[in-house]
Visitor: 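This is the structure, below, for whatever I ask next.
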Amino acid sequence: MRAISARAKRIASFPPSRHGRPTPIASHGPTCPSSSSLLDEFAEHCHQRDLSRAMKAMHAMQRQGIWADAITYSELVKCCVARGAVEEGKSVHKHVFSCGYQPKTYLLNVLLNMYVRFNLLEDAEGLFDEMPDRNVVSWTTLISAYVSKGMNNRALEFLILMLRGGVQPNMYTYSSVLRACADLGMLRQLHSGIIKVGMESDVFVRSALIDNYSKQGELQDALDVFNEMVTKDLGVWNSIIGAFAQNSNGDKALEMYKCMKRAGFAPDQATLTSVLRASTALALLEVGRQVHVHVLKFDRDLILNNALLDMYCKCGGLEGANSVFSRMAERDVISWSTMIAGLAQNGCSLEAMRLFEQMKHSGTEPNYITIVGVLFACSHAGLVEDGLHYFRSMKRSFGIDPGREHYGCMVDLLGRAGKLDEAVKLINEMECEPDAVTWRTLLSACRVHRNSDLAIYAAKQVVKLDPDDAGTYILLSNIYANNQRWEEVTEVRRSMRVRGIAKEPGCSWIEVNKKIHAFILGDDSHPHIDGINRHLNQTVQRLMSIGYVPDTNFVLQDLEDEQREASLQYHSEKLAIAYGIMSLPREKTIMIRKNLRICGDCHTFTKLLAKMEQRIIVIRDPVRYHHFTDGACSCGDFW
DNA sequence: CTAGGGTTAG
């Protein structure tokens, strides 16, 4: 067993206890008139949760050497916990230990819990070591404290000690300790142990299992646990919906949400947060708006409002985002960071910078992610000097060490400004290893500034770090082809074949009447495809009459050969946009989401189309947002 | 007296 802590020794040195005489006074009648009234008064204050009067009465009792019963002290301790009264709580602890009998395990557990709640783990441990009897609650309290502090090994070690001590864990213990499973093997082991002792039917244990399988990316296991349940509660539904939402399976999350409602459960804050996250991932602004209506019931919930804010930002609904942000009763660092990044992503970098200034005056400290957003805004607005300033001073001003993402923004910033050499220099100076994203950022800059040699170098780095990314191989092979380096073209194509890499076809989605319409290159299964093609042809004709020239030069673009010519007009985003213009009212923004990055021709096409039709078109590719308004794009032609 | 489910970048 563990060593006795200094704290425990101090506690043990309090006046000697007279064992075997529980509740010496309260239940044995008054010893004298004054003590009786004092005791009654104390009990009444505890019952009324009048902390300061209770403490006064307690000290008076201590001077007279009289003590109350365990239940009354427990009430007082709970009152201290509720008020966050640390010193008072400690003083009750001392009082109890100076009392003339051995405190009951129940009361000690209450004190133990108090220390855990006050985040005083050492005091809790000291008390735990001193306890003459530890029951399942004592063990669980400590184990749960270790888990929530991330001390997983200690938690598991204590589970073993508990079992060795002959104390049977209950479902409280298991639902806590499940969170401490570092790997899948351990999780499965614990899971089978839980089944053996027949505790898998508890809803808390179930949802802990679901959540932990999901955190390990084992969605099928999570779903199995869920499906095996006969009686489900809201928490379990929230676990499974959250599981899908967090593993970027928005469709399945929304599907489960529908099932949940059909099963008669009303969504709560946690449900709605996950549903919003799912809508965000799928860029379903309309679904998000519907959820917003439910959110109004919980309009003081910070996490939920943050999710709502993010949904509006990511789905291109900046007005919605602004209105949510301005109405929020309370804002934390996540609210500010979300809004700053959201403004920047939607092409409002100057507003983002202004908001950051406001944030600094608001008293909320920026964090790592906030600065990513700020640098992102600088790079999007071409604010080279500001970006460099924030980057160089972030450590000094905010105590944040620049990480990969910050370097990435700076590479983007320098690359966008054409300072490719400086961008490379920065990558070489990175304290952390550059990753595929870093090199891909440089690659984008090379593409825009037409630097083939550096592009080849960057693409090779990307391939090294992310060997399954088809787009990079194709980009590389196209660069070689453009430089007549046919042997290398063959070599790249060969290594793609060897690795079994095929480029996925371009696909774009648009939401019309709450339904998702998907357009895949070369797939004409959409029921209105003929009308759409006709409309698209007419549009191209009209655009050409005002100066649009289809751009077939795909050098430095990661497009397949066969996608270049005949299908140029039928790139999936063009079809989706045409469909959007045909079927959405003029005032509606046309929101497209696509799986591949937009090509230069579609980009030009969309800019001109937005102007000609006087429409706002938003295309969200896997990396960034393009807001097309009146002949220009928020990305500033850099992506 | 002890337990589960939610938010920001890449």
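Below, read A as the first sequence line, B as the second, and so on, with proteins coming before strands; counting in each chain starts at 1.
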Visitor: A:Phe204 stacking on B:dA3: centroids under 5.5 Å, ring planes under 30°?
Guide: yes
Visitor: Does the ring center of A:Trp336 lie less than 6.0 Å from the ring center of A:Phe325?
Guide: yes
Visitor: For the pair made of CG in A:Leu76 and P in B:dC1, what is the distance, rounded to whole Å?
Guide: 15 Å
Visitor: What is the distance, to the nearest angstrom, from the CE atom on A:Met162 to the C1' atom on B:dT2?
Guide: 9 Å
Visitor: Counting any heavy atom closer than 4.0 Å, what does A:Leu234 reach on the DNA or RNA strands: base, sugar-phosphate only, or nothing?
Guide: base
Visitor: Expressed in angstrom and rounded to an integer, what is the separation of A:Tyr73 atom OH from B:dC1 atom P?
Guide: 19 Å
Visitor: For A:Asp221, is there an ion pair with A:Arg188 - N to carboxylate O distance below 4.0 angstrom?
Guide: yes
Visitor: Strictly below 4.0 Å: does A:Arg117 bring a side-chain N or O up to OP1 or OP2 of B:dC1?
Guide: no
Visitor: Give a yes/no answer on whether the side chain of A:Lys314 brings an N or O atom under 4.0 Å of OP1 or OP2 in B:dA9.
Guide: yes
Visitor: From B:dG6, B:dT2, B:dA9, pick the nucleotide closest to the side chain of A:Ile369?
Guide: B:dA9
Visitor: How many whole angstroms separate atom CG of A:Leu107 from atom P of B:dC1?
Guide: 12 Å
Visitor: Is it the case that B:dG4 (base atoms only) and A:Ser207 (side chain only) share a donor and an acceptor within less than 3.5 Å, ignoring hydrogens and angles?
Guide: yes
Visitor: Decide, yes or no, whether a salt bridge links A:Arg404 with A:Glu431 under the criterion of side-chain N to carboxylate O below 4.0 Å.
Guide: no
Visitor: Considering only B:dT2, B:dA3, B:dG6, which nucleotide approaches the side chain of A:Val137 most closely?
Guide: B:dT2
Visitor: Using a cut-off of 4.0 Å on non-hydrogen atoms, how would the nucleic acid contact of A:Tyr368 be classed: base, sugar-phosphate, or nothing?
Guide: base
Visitor: Taking atom types as they are modelled, is there a donor-acceptor pair under 3.5 Å from the base of B:dA3 to the side chain of A:Ser176?
Guide: no
Visitor: Whole Å only: how far is the CG atom of A:Leu111 from the P atom of B:dC1?
Guide: 13 Å
Visitor: Of all the choices, B:dG10, B:dT8, B:dT2, which nucleotide is nearest to the side chain of A:Ser337 once you look at every atom?
Guide: B:dT8
Visitor: Among B:dA9, B:dG6, B:dT2, which nucleotide sits nearest the side chain of A:Thr273?
Guide: B:dG6
Visitor: Whether A:Arg179 contacts B:dA3 is assessed here as follows: a side-chain N or O lying under 4.0 Å from the phosphate OP1 or OP2. Is that the case?
Guide: no
Visitor: For A:Leu304, which contact category applies under a 4.0 Å heavy-atom criterion: base, sugar-phosphate, or nothing?
Guide: base
Visitor: Which nucleotide sits closest to the side chain of A:Ile303: B:dA9, B:dT2, B:dT7?
Guide: B:dT7
Visitor: Count the heavy atoms belonging to other residues, nucleotides or ligands that lie under 6.0 Å from CD of A:Glu433, then report whether that count exceeds 12.
Guide: no
Visitor: With A:Asn135 as reference, evaluate A:Asn109, A:Thr105, A:Thr140 under the side-chain hydrogen bond (donor to acceptor under 3.5 Å, both in side chains) test and give the passing residue.
Guide: A:Asn109
Visitor: Would you say a side-chain N or O of A:Arg277 is under 4.0 Å from OP1 or OP2 of B:dT7?
Guide: yes
Visitor: Taking the side chain of A:Ser274 as its heavy atoms from C-beta onward, which of B:dG6, B:dA9, B:dT2 lies nearest to it?
Guide: B:dG6
Visitor: For A:Phe226, does the six-membered ring have the charged nitrogen or CZ of A:Arg206 within the cation-pi criterion, i.e. under 6.0 angstrom from the centroid and within 45° of the normal?
Guide: no
Visitor: Specify the separation, in whole Å, of atom CZ of A:Arg300 and atom C1' of B:dT7.
Guide: 18 Å
Visitor: Could you check which of B:dA3, B:dG4, B:dG10 has an atom nearest any side-chain atom of A:Val203?
Guide: B:dG4
Visitor: Just checking A:Gly235: base, sugar-phosphate only, or nothing, at a heavy-atom cut-off of under 4.0 Å?
Guide: base
Visitor: Looking only at the side chain of A:Thr141 (C-beta and beyond, no hydrogens), which of the listed nucleotides B:dA9, B:dG6, B:dT2 gets closest?
Guide: B:dT2
Visitor: Whole angstroms only, please: what is the CZ-P distance between A:Phe356 and B:dT8?
Guide: 20 Å
Visitor: So what does A:Asn135 touch, heavy atoms closer than 4.0 Å: a base, only the sugar-phosphate, or nothing?
Guide: nothing
Visitor: In terms of side-chain heavy atoms of A:Gln345, which of B:dG6, B:dT8, B:dG10 is nearest?
Guide: B:dG10
Visitor: Ignoring hydrogens and geometry beyond distance, is the side chain of A:Asp435 in donor-acceptor contact with the base of B:dG10 at under 3.5 Å?
Guide: no
Visitor: When only distance counts, do a donor and an acceptor, one from the side chain of A:Asp202 and one from the base of B:dG4, lie under 3.5 Å apart?
Guide: no
Visitor: Check whether the ring centres of A:Phe204 and A:Tyr174 lie less than 6.0 Å apart, and answer yes or no.
Guide: no
Visitor: Classify the nucleic acid contact of A:Thr140 as base, sugar-phosphate or nothing, counting any heavy atom under 4.0 Å across all strands shown.
Guide: base
Visitor: Can a donor-acceptor pair under 3.5 Å be found between the side-chain atoms of A:Asn109 and the base atoms of B:dC1?
Guide: yes
Visitor: Quick one: A:Gln269 CD to B:dG6 P, roughly how many Å, whole number?
Guide: 13 Å
Visitor: Take A:Tyr390 and A:Phe356, measure what ring-ring contact (aromatic ring centres under 6.0 Å, His included) needs, and give me the verdict at the end.
Guide: CA-CA 11 Å; A:Tyr390 284 120; A:Phe356 181 55; 5.5 Å; yes
Visitor: Between B:dG4, B:dG10, B:dT8, spot the one nearest the side chain of A:Val236, thanks.
Guide: B:dG4
